[in-house]
Amino acid sequence: AIEEVLALCRQEIAELLDDFQICEPCTDAAEVTFQCDNVQWHDVPEALRPGTGDHLEAQMHRVLRKQQQLEGMIRILREWDVVKSGDVIIDFGAGTGHLGILVAWLFPECEVICLERKEWTATAAKQRIEAAGLQNCVSLCGDVRALEVYFEETGRTGFQVGLGLHTCGLLTDLVLECCARHRASFVISPCCYGQVVEGGNTTGGDGQPRERPRSAALVERPSLNSEC
């Protein structure tokens, strides 16, 4: 029975992927190979390395894992040519800024906003930005609504790239919706355990009810939605 369900899932997923238009420059995601250079950590300023000025200090096994996660995100940004000169990039759920400040250093022609709801981690990100002397990166304490207010106050019209590493549970929905509103590209790695909510309507971090699944394409395929 399990094999039958898996076979059904594979068939449905293959049909589902056919419905999506993959944007240039990537013509076939299956043909993409990550051959760009790894992050050369010995060249990265110490203040930007995981394990410096953050909650990972003295936890080398977690530092190594974080480095690998960051390298994966950077590979996608480079290999798929996601970032363009002059882009405004948002690191959603930035924490202490591991991803956002590294992106700011690697792409100095862009502006990066590290958006984090927790005050102590947003403060830590700000301190790391200052220690590294980055002029193209800021730490903003708040949620998605605070980001929209920040845009209004600073006269910005929006952003071009949204990033999210370990966007837990409903934060993934909020990030996708925000990127869609601004017609921004996005690279998101949801949390490993996902905080998946069973049932129909659920309430997001902004207090608005949402139905599951969020994808209209999945809603139209009840067999995949129910069996998998």
Side-chain angles (χ1 to χ4, degrees), residues 10 13-45 47-51 54 56 62-116 125 128-129 132 134 136-137 158-168 171-192 194 214-215 217:
R10 295 189 187 101
I13 290 173
E15 295 175 358
L16 179 65
L17 290 175
D18 289 338
D19 292 341
F20 286 87
Q21 178 182 358
I22 301 177
C23 301
E24 295 294 340
C26 177
T27 57
D28 186 347
E31 296 179 0
V32 172
T33 56
F34 295 127
Q35 297 179 346
C36 60
D37 295 334
N38 292 331
V39 177
Q40 302 299 318
W41 291 105
H42 59 274
D43 293 333
V44 176
L48 307 188
R49 302 175 195 169
D54 58 22
L56 300 181
R62 295 187 63 190
V63 169
L64 176 60
R65 188 163 65 240
K66 179 61 68 176
Q67 288 179 341
Q68 293 169 339
Q69 294 165 0
L70 295 173
E71 289 170 9
M73 297 290 284
I74 297 301
R75 287 188 185 117
I76 293 175
L77 291 178
R78 286 175 166 169
E79 187 70 19
W80 290 2
D81 196 25
V82 177
V83 177
K84 305 295 190 298
S85 179
D87 279 354
V88 176
I89 304 170
I90 311 298
D91 180 13
F92 292 91
T96 56
H98 287 123
L99 178 59
I101 61 179
L102 180 61
V103 169
W105 183 73
L106 290 171
F107 299 91
E109 70 281 5
C110 298
E111 178 186 1
V112 178
I113 301 172
C114 296
L115 182 66
E116 169 58 40
R128 298 180 71 203
I129 292 169
L134 292 174
N136 63 326
C137 187
F159 64 98
Q160 288 70 49
V161 180
L163 305 177
L165 180 58
H166 291 310
T167 50
C168 295
L171 178 57
T172 296
D173 293 335
L174 291 175
V175 173
L176 288 172
E177 291 167 4
C178 185
C179 290
R181 285 197 304 273
H182 289 271
R183 302 185 63 83
S185 303
F186 56 85
V187 179
I188 300 174
S189 176
C191 187
C192 49
R214 299 294 295 147
S215 168

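Excluded from the calculations below are hydrogen atoms, water molecules and symmetry mates; all remaining heavy atoms, backbone and side chain alike, are included. Remember, predicted model here, so these are calculated numbers, not experimental data.
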Distance in Å, Leu171 CG paired with Ile188 CD1, rounded so as to fall on 0.5 Å steps: 8.5 Å
Flag, side chain of Glu109 to backbone of Gly86, donor-acceptor distance under 3.5 Å: no
Summary of salt bridge (Lys or Arg N to Asp or Glu O under 4.0 Å) pairs that have at least one residue in residues 180-190, sequence neighbours excluded: Glu148-Arg181
Interatomic distance, Asn136 atom CG to Ile113 atom CD1 [nearest 0.5 angstrom]: 11.0 Å
Smallest separation among heavy atoms of Cys110 and Val83, with atom names: SG-CG1, 3.4 Å
Which atom of Leu48 lies closest to which atom of Ala132, heavy atoms considered: CD2-CB, 3.3 Å
Leu174 side, atom CG; Cys179 side, atom SG - distance, nearest 0.5 Å: 11.0 Å
Minimum heavy-atom distance Val112-Gly100, with the two atoms named: CG1-O, 3.4 Å
Atom pair CH2/CG of Trp105 and Asp43 - distance to nearest 0.5 Å: 6.0 Å
Spacing of CG belonging to Leu70 relative to CH2 belonging to Trp41, to within rounding of 0.5 Å: 4.5 Å
Phe159 and Phe92 aromatic ring geometry - parallel, tilted or perpendicular at 30°/60° bounds: perpendicular
Note, Leu77 side chain near Leu163 side chain (heavy atom, < 4.5 Å): yes
Worked verdict on Val103 versus Val161 for side-chain contact (heavy atoms from CB on, under 4.5 Å): CA-CA 11 Å; Val103 169; Val161 180; over 6 Å; no
Arg128 side, atom CZ; Cys137 side, atom SG - distance, nearest 0.5 Å: 10.0 Å
side-chain contact (heavy atoms from CB on, under 4.5 Å) between Ile89 and Asp91, intermediate numbers included: CA-CA 7 Å; Ile89 304 170; Asp91 180 13; 6.0 Å; no
Val175 vs Ile90, side-chain contact (heavy atoms from CB on, under 4.5 Å): CA-CA, chis, key distance, verdict: CA-CA 10 Å; Val175 173; Ile90 311 298; over 6 Å; no
For Met73 against Ser189, the heavy-atom pair lying closest together: SD-CB, 4.2 Å
Heavy-atom closest contact (Pro50 atom, Gln67 atom, distance): CG-CG, 4.0 Å
Stepwise side-chain contact (heavy atoms from CB on, under 4.5 Å) test for His98 and Lys66: CA-CA 8 Å; His98 287 123; Lys66 179 61 68 176; 4.0 Å; yes
